[in-house]
Amino acid sequence: MASPCRVEGGGADSYRSVRHPWSLYGVDNKVLERAMRNLADGLPQRGWKIVKQGTDSSRNRNLEILAVHLESRTQAEITWRKGLDGHEPLISFAVYSRCFRDPDFSATPTSDG
């Protein structure tokens, strides 16, 4: 979903950023652990720089990867939630774009009549 974002110098109504969350679940922790290893190994080969990799500050010490795509500056937050708190194990993903000018933005409202 695109959301407004702040830009220096005004014009914020015509700028957007996109956040796209999703998750992978329904498999056991061994599969999720392998998936996190594969992501840590594969992201740099696909133009991503891993800026943080390790456990988060939660009580469950979930494993997380924070990465930035070097060309597009897209950011990714990937967290393996092991389910130690009774919830279903999963890997959550959130990908964020940087702020961009919306080409469909019109400063003048139009009417259909």
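Numbering starts at 1 and runs along the sequence shown.
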Can any side-chain N or O of R46 pair as donor or acceptor with the backbone N or O of G42 at less than 3.5 Å?
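Present.
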Under 4.5 Å side-chain linkage, directly or through intermediates, the cluster mates of L66:
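Result for L66 is V51, V68.
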Sequence neighbours left out, cut at 3.5 Å: what donor-acceptor pairs do the side chains of residues 89-97 make with other protein atoms?
from	atom 1	to	atom 2	distance (Å)
Y96	OH	R19	NE	3.2
S97	OG	V18	N	2.7

Are side-chain N/O atoms of S58 and D56 paired as donor and acceptor at under 3.5 Å?
yes
Would you say Y25 and L84 are hydrophobically clustered, going by side-chain heavy atoms of ILVMFWY under 4.5 Å?
no
What's the spacing between [X] [atom1] and [Y] [atom2] if we round to 0.5 Å?
X   : Y   : atom1 : atom2 : answer
Q53 : I65 : CD    : CD1   : 5.0 Å
M36 : I78 : CE    : CD1   : 6.5 Å
E64 : I50 : CD    : CD1   : 12.0 Å
H69 : L43 : NE2   : CG    : 9.5 Å
D28 : E88 : CG    : CD    : 11.0 Å
N60 : R81 : CG    : CZ    : 9.5 Å

Taking side chain as C-beta onward, heavy atoms only, is W80 less than 4.5 Å from N62?
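Side chain of W80 against side chain of N62, heavy atoms only: no contact under 4.5 Å found.
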More than 12 heavy atoms of other residues, nucleotides or ligands under 6.0 Å from CD of E71: yes or no?
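No, not enclosed.
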